[in-house]
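First the structure, in the form of C-alpha cells, and then the observations on it.
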Amino acid sequence: MEAVAVAGGGAGLTRWQAAALSAVAGWVWAASFFDLTRRSRALVQPWVTRRVLAETPSIVRFQKVHHKLLDSFFSVLSCVVSVPFYTGFLPLLFWSGHSKLARQMTLLMAFCDYLGNSVKDAVSAPRPSSPPVRRVTATEDEKENAMEYGLPSSHALNTVCLMGYLLHYVLTYGSHDNVMVVTGLSIAFLLVMLVGIGRIYLGMHSLIDVIAGICFGVVILAFWLAVHNHVDAFVVSGQNVTTFWASLSLLLCFAYPKPEFPTPSFEYHTAFNGVAFGIVYGIQQTYFHFHNPDVPLIFSPQLPLIVFVGRVLVGIPTILVVKFCSKALSKWLLPVMCNTLGIPIVSTCYVPALKASEKSKDKSDAKQGGYLQKVFSLFPQKAYDVDTGIRFVQYASLAWSVVDLVPAIFTHLSL
C-alpha cells in the first residue's frame with residue numbers, strides 16, 4: 001500500500017506542495033497588482049531613514065576611538081562571518097562526513113539570505129552616509145556590501161542564525177554538560193555582539209540596522225528550529241522534491257521585491273537559490289551512497305586527517321571546473337532556449353550581444369512572441385535578465401558537484 005502511495009505521489013505534486021506554490025504565485029500577483037512593495041516602503045523607509053540620520057553623529061563619535069589593529073580585527077571578523085566564508089566552509093563540512101549539519105546550514109543560509117535581502121530591498125533604507133562616517137572596506141566583498149541597502153544587517157542576521165543552529169546541533173547530537181551549554185551560549189552571544197559592534201565601527205551599518213538584523217535572526221532561527229527536521233526529512237525522502245524545489249526557486253525569483261535602485265542583493269539571492277537547489281537535487285540522488293548517518297566522520301579511523309586533506313585537494317579544483325563549465329554552457333544555451341520559446345530577454349553583464357539599447361529592446365520584444373511570452377507577461381516584468389538564469393545554473397551545478405560528483409570521485413579514488 002505504501003509503495004502504491006509513493007508511486008501515486010510521484011506522478012504529480014502533492015496537495016500541500018501545490019498549495020504552497022499557489023500561495024507564492026498568488027503573492028507574486030498580489031504584490032504586483034496592488035504595488036505592495038512601494039506601499040510598504042512608503043510607510044517604513046522614512047522612519048528608518050530618520051533613525052539612520054539621527055544616529056550618524058553618534059557613529060562619528062564612536063569611530064573617533066579607532067586604531068589600525070581594530071580596523072584589521074573587525075574587518076577579519078566580518079570576513080569570517082560573511083557569505084563567501086560560509087560558501088567555502090560548507091563543502092568542507094560535507095566532505096568531512098557531517099552531511100546533515102552541512103545541508104541544514106546551507107538551506108538555512110539560503111533562507112536567511114533571501115529574507116534578509118528581500119527586506120533590505122523592500123525597505124531600501126540607506127546606510128550611514130560616508131562622509132561624515134568613516135567607512136572601512138578592506139575587501140572586495142565589503143565594497144559590494146556597501147552598495148546594498150542597510151536594514152537589516154546581513155552579517156548580524158546570519159551570525160545569529162548560523163551560530164545558533166550550530167550550537168543547537170552540537171548540544172543535540174553531542175555529549176554535553178551545563179558548563180558546555182553556558183560556554184557555548186556565551187561564545188555565540190559574544191560573537192553576535194562583536195559582529196554588531198564591528199558593523200558600526202566599520203561604518204557599514206547604524207544601530208537600527210544591527211538591532212533589526214539580530215531581531216530578524218532570532219525569529220528566523222526560532223522558526224527554523226521548529227521545522228528543520230521536517231525540511232530534512234522532505235529533502236532526503238520526500239515526494240516530487242526536485243520538481244517542487246525547481247518550481248519554488250523560479251517563483252522566488254519573481255517574488256523578490258524590486259528595490260528603489262538596483263543593488264547586488266538580488267544577485268546574492270540568485271546564487272544561494274541555485275546552491276539550495278543543487279544541494280537538494282544532489283542529496284536526493286546520492287543520500288544512501290554518500291550522505292546517510294553511517295558515512296565515516298573526520299578524525300575517525302575510516303577518515304583520518306590525511307585522507308580529508310586529499311579530499312579537499314581533489315574536491316576544490318573539481319567544483320571550480322564544474323562552475324566554470326556550467327557558466328560557459330548556460331551563457332550559450334539559455335539565450336538560445338529563450339529565443340526559441342519566445343521569451344523576451346536582456347543581459348546586464350554575461351552576454352554582450354544582449355546588452356541592447358532601449359530602442360533595440362523594444363524591437364526585440366516585438367519580434368519575440370508565442371504562448372510562453374503570454375504566460376510570462378503575467379509576471380511583473382517585460383523582458384527578463386538572462387543573467388539570473390546563468391547565475392542560478394552555475395551555482396546549482398557547483399552545489400550539485402559538492403554533494404554528488406565529488407563524493408563519487410572520492411569513492412573511485414578511495415579517498
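- Without hydrogens or angle criteria, T318 side chain to V314 main chain gives a donor-acceptor distance under 3.5 Å.
- Ring pair Y173/Y169 is tilted by interplanar angle, where 30° to 60° counts as tilted.
- Contact annotation: the side chain of T56 never approaches that of S129 to less than 4.5 Å [non-hydrogen atoms, C-beta and beyond].
- Checked against the 6.0 Å centroid threshold, Y201 and H66 do not count as a close aromatic pair.
- The aromatic rings of W29 and F33 lie parallel to each other, their planes meeting at an angle below 30°, with 60° marking the opposite boundary.
- With a 4.5 Å cut-off on side-chain heavy atoms, Q394 and V322 do not count as touching.
- Note that OG of S397 and CG of D404 are 11.5 Å apart. Values are rounded to the nearest 0.5 Å.
- With hydrogens and angles ignored, the 3.5 Å screen pairs a side-chain donor or acceptor of E55 with a backbone N or O of L207.
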Pair Q63-L202, side chain to side chain contact (heavy atoms under 4.5 Å, CB included): steps then yes or no | CA-CA 8 Å; Q63 288 185 324; L202 296 174; 6.0 Å; no

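- No more than 12 heavy-atom neighbours from other residues, nucleotides or ligands sit within 6.0 angstrom of CE on M337.
- With respect to E148 and K120, a salt bridge is recorded, a charged nitrogen being found less than 4.0 Å from a carboxylate O.
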Criterion side chain to side chain contact (heavy atoms under 4.5 Å, CB included) on F277 and N273, from CA distance to verdict | CA-CA 6 Å; F277 176 75; N273 200 2; 5.6 Å; no

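- Here L252 contributes atom CG and W27 contributes atom CH2; the two are 13.0 Å apart, rounded to the nearest 0.5 Å.
- Side-chain contact check for R103 versus Y287: some heavy-atom pair is nearer than 4.5 Å.
- Of all non-hydrogen atoms in C349 and D387, the two that sit nearest each other are N-OD2, 2.8 Å.
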Just do the side chain to side chain contact (heavy atoms under 4.5 Å, CB included) check on L107 and V235 with the steps written out, would you?
-> CA-CA 10 Å; L107 295 179; V235 169; 4.1 Å; yes

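- To the nearest 0.5 Å, atoms CZ (F308) and CD1 (I298) are separated by 4.5 Å.
- R135 places a side-chain N or O within donor-acceptor distance of the main-chain N or O of G203, the cut-off being under 3.5 Å.
- In this structure, Y281 and V403 have side chains that are not in contact, with every pair of non-hydrogen atoms separated by 4.5 Å or more.
- Residues S249 and F392 are in side-chain contact: their nearest non-hydrogen atoms beyond the backbone lie under 4.5 Å apart.
- The OG atom of S154 sits 10.0 Å away from the CG atom of D209 when rounded to the nearest 0.5 Å.
- The side-chain contact (heavy atoms from CB on, under 4.5 Å) test with Q104 singles out one residue from M109, H228, H98, and that residue is H228.
- R127 and S206 form no side-chain donor-acceptor contact under 3.5 Å, judged by distance and modelled atom types alone.
- The backbone N or O of A233 lies less than 3.5 Å from a partner atom in the side chain of S237, making a donor-acceptor pair.
- Of all the heavy atoms in G116 and P152, the pair that sits closest is O-CD, 3.7 Å.
- Looking at S78 and V195, their side chains never come closer than 4.5 Å, going by heavy atoms from C-beta outward.
- Salt bridge K258/D121: absent, no basic N to carboxylate O contact under 4.0 Å.
- Remark: side-chain polar atoms of H291 are not paired, donor with acceptor, to backbone N or O of T286 under 3.5 angstrom.
- Summarising the geometry of I390 relative to S330, their closest heavy-atom pair is CG2-OG, 3.4 Å, with the distance given to 0.1 Å.
- Side-chain atoms of S124 come within 3.5 Å of backbone atoms of E260 as a donor-acceptor pair (strictly under, hydrogens ignored).
- For the atom pair CG of L108 and CD1 of I220, the computed distance is 8.0 Å after rounding to the nearest 0.5 Å.
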When you look at L191 and L77, which way does the side chain to side chain contact (heavy atoms under 4.5 Å, CB included) test go after all the steps?
-> CA-CA 9 Å; L191 183 59; L77 183 62; 3.6 Å; yes

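- With a 6.0 Å radius and a threshold of 12 heavy atoms from other residues, nucleotides or ligands, L190 has its CG atom above the threshold.
- Classification of the F234-W16 ring pair by plane angle, with boundaries at 30° and 60°, yields perpendicular.
- Annotation: side chain of F254 is not in contact with side chain of V24 (no heavy-atom distance under 4.5 Å).
- With F111 as the partner, the ring-ring contact (aromatic ring centres under 6.0 Å, His included) test is satisfied by one option alone out of Y165, F216, W224: W224.
- For R41 (side chain) and A122 (main-chain N/O), a donor-acceptor pair under 3.5 Å exists by modelled atom type.
- Remark: C253 SG to D385 CG distance equals 11.0 Å, nearest 0.5 Å.
- In the model, S58 has a side-chain atom that pairs as donor or acceptor with a side-chain atom of R61 under 3.5 Å.
- A side-chain contact (heavy atoms from CB on, under 4.5 Å) with S99 holds for exactly one of I283, V295, L93, I279; it is I283.
- The closest side-chain donor-acceptor pair between Q17 and Q239, if any, does not fall under 3.5 angstrom.
- Residues W95 and F410 bring their aromatic ring centres within 6.0 Å.
- Inter-residue side-chain proximity for S326 and L398 is flagged as unmet; no heavy-atom pair is nearer than 4.5 Å.
- Ion pairing between D71 and R134 holds under the 4.0 Å rule for side-chain N and carboxylate O.
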